[in-house]
K.L.:
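One structure follows; several queries about it will come next.
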There are 2 protein chains.
Amino acid sequence: MTVAIRQTSETFTPRQQAVLTAALDLLVEAGDGLTMTAVARRASCSKETLYKWFGDRDGLLTATVQWQAAKVRVPLVDRRSLDPDSLRASIYQFARDLLATISGATSVALNRLAISHATEDNGLGAIVLDNGRFTMGKRLKPLLEAGRDARMLRFDNSETAFRTFFGLVLRDVQVRLLLGDKLALSLKEIEADAERATDQFLTLYGVPANKPDRAQR
Amino acid sequence: MTVAIRQTSETFTPRQQAVLTAALDLLVEAGDGLTMTAVARRASCSKETLYKWFGDRDGLLTATVQWQAAKVRVPLVDRRSLDPDSLRASIYQFARDLLATISGATSVALNRLAISHATEDNGLGAIVLDNGRFTMGKRLKPLLEAGRDARMLRFDNSETAFRTFFGLVLRDVQVRLLLGDKLALSLKEIEADAERATDQFLTLYGVPANKPDRAQR
DNA sequence: ACCGAACCGTACCGTACGGTACGCATCCGG
DNA sequence: CCGGATGCGTACCGTACGGTACGGTTCGGT
């Protein structure tokens, strides 16, 4: 009965990572069917080991979520060489990656899990929020602010601007997927959506450049 | 998205509605604590009655969701007298009601429930989607199309336009609430958000009127 | 060669909860 | 006044699953 819940950037042994991978796979395949016995069998380990390593079921879930969250690659943007085209390209790329990530099976499964276990308090929801939504915001904001400094974007509050960006990119996609709607976005559709969202965002927040017509419907 | 939903607009006796109310209250207070025994106790009825009326647990949940969904008042808009101001007012009102509904405790609890029980297939997610997201779309589209016919809006596809509207209004609010983020939108904030979303939507889809400057940040 | 740690597999326990059975009270038509 | 129906309360059953215990095996260190 060790009470050792360490939160920050936990480092897992390869074997432990294999277990977490098994848990994650199981979670994606059958969300609610994630039972300790199932994980143990899938990972070819004993339940006792699971409890030894992760404390209890919640610890295992937390570790799984944290571990996966750490793997999410949020696009870093370098803010040198910032001209209107590169700004647009960076925003577009960010939108594309964001949409691809969120619409992925792993993200959906993870968010379902966190939402299921969200009766106020609770760490899972907070972890997912921190590593998903809020990390995204932290990553994009510097770009937005660089764009503002360069007089290519106009907004008062980068947080607000990001939230609008978030809405323009994801729209109803995330909640529909969470609710079981089969959407199956192809890469083409994702790219088209990202393009549209980028255009719309620049229409709302961009400073009209020399070439005036960027109006987008 | 459809697949006919059985028992449309089922009619419940007052006693049954009382039971459903109890179930809903219980769901809002303690989402995962919704047990048949708890519902029976809260509603002062016997479990046997629950099973007799609703078949099984899933039937009770389905009935609860359907019943609540039927109560959602989606703003109807009358499309006579459509001038730019009334169009804006109608859109604004719709945005306000949408945001208020979605950010309400009942909606959050219901969506959590449906998402929890969403391993593909499953009726709950479909019911919530149909009565939430899709009904909203069906209600707003006529207004949008009326606006287009009156040359005050411009878009190719009303579905796409609505999805953007949806994103602009809700942004990250719904998913944050679902994940347990305490957001507690005040009426003031809701109205301000609805205003902002309306402005942004009209910036993107509105036909520039005589007074040209509607730019909004 | 030996020892202990780590860990696998499996059997086991306790509990929570979905679902069922039954006894009793109330109400209503004849 | 009576018999059936409806429904409340409670006790009960079966199962699934979280958590624990234990014997057997592998392996690294000495």
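If you're wondering where the values come from, they're calculated on a predicted model, not measured in any experiment. Each chain gets a letter, A, B and so on, in the order the sequences are listed, and its residues count up from 1.
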K.L.:
Round to the nearest Å and state the distance from B:Asp32 atom CG to C:dC17 atom P.
P.N.:
9 Å
K.L.:
Between B:Asp56 (CG) and C:dC17 (P), how many Å, whole number?
P.N.:
17 Å
K.L.:
Quick one: B:Met36 CE to D:dC13 P, roughly how many Å, whole number?
P.N.:
20 Å
K.L.:
Are any of B:Thr35's side-chain N or O atoms less than 4.0 Å away from OP1 or OP2 of C:dG18?
P.N.:
yes
K.L.:
So, the side chain of A:Arg57 versus the backbone of A:Met36: is there a donor-acceptor pair under 3.5 Å, distance only?
P.N.:
no
K.L.:
What string of B, S and - do you get for nucleotides 3-9 of chain C 5' to 3' if you count protein non-hydrogen atoms under 4.0 Å?
P.N.:
---SSBB
K.L.:
Sub-3.5 Å donor-acceptor pair from the side chain of A:Ser90 to the main-chain atoms of A:Ser86, do we have one?
P.N.:
yes
K.L.:
Taking side-chain contact (heavy atoms from CB on, under 4.5 Å) as the criterion, tell me which of B:Asp193, B:Thr198, B:Asp199 meets it with B:Glu195.
P.N.:
B:Asp199
K.L.:
Keeping to residues at least two apart or across chains, list the ring-ring contact (aromatic ring centres under 6.0 Å, His included) pairs with something in residues 20-59 of chain B.
P.N.:
none
K.L.:
Examine distances only and state if a side-chain atom of A:Thr21 and a backbone atom of A:Gln17 form a donor-acceptor pair shorter than 3.5 Å.
P.N.:
yes
K.L.:
Starting at CG of A:Leu50 and ending at P of D:dT20, how long is that distance when rounded to a whole Å?
P.N.:
12 Å
K.L.:
Using the C1' atoms of the five pairs at each end, what is the angle between the end axes of the helix from C:dA1-D:dT30 to C:dG30-D:dC1, to 10°?
P.N.:
0°
K.L.:
So if I apply the side-chain contact (heavy atoms from CB on, under 4.5 Å) rule between A:Leu20 and each of A:Val39, A:Leu60, A:Asp25, which one comes out positive?
P.N.:
A:Leu60
K.L.:
In whole angstroms, how far is the C1' atom of D:dT20 from the OH atom of A:Tyr51?
P.N.:
9 Å
K.L.:
Out of curiosity, B:Arg133 CZ to A:Asp181 CG, how far, rounded to the nearest 0.5 Å?
P.N.:
9.0 Å
K.L.:
Answer yes or no: is there a donor N or O on one side and an acceptor on the other, between the side chain of A:Arg196 and the main chain of A:Leu168, under 3.5 Å?
P.N.:
yes
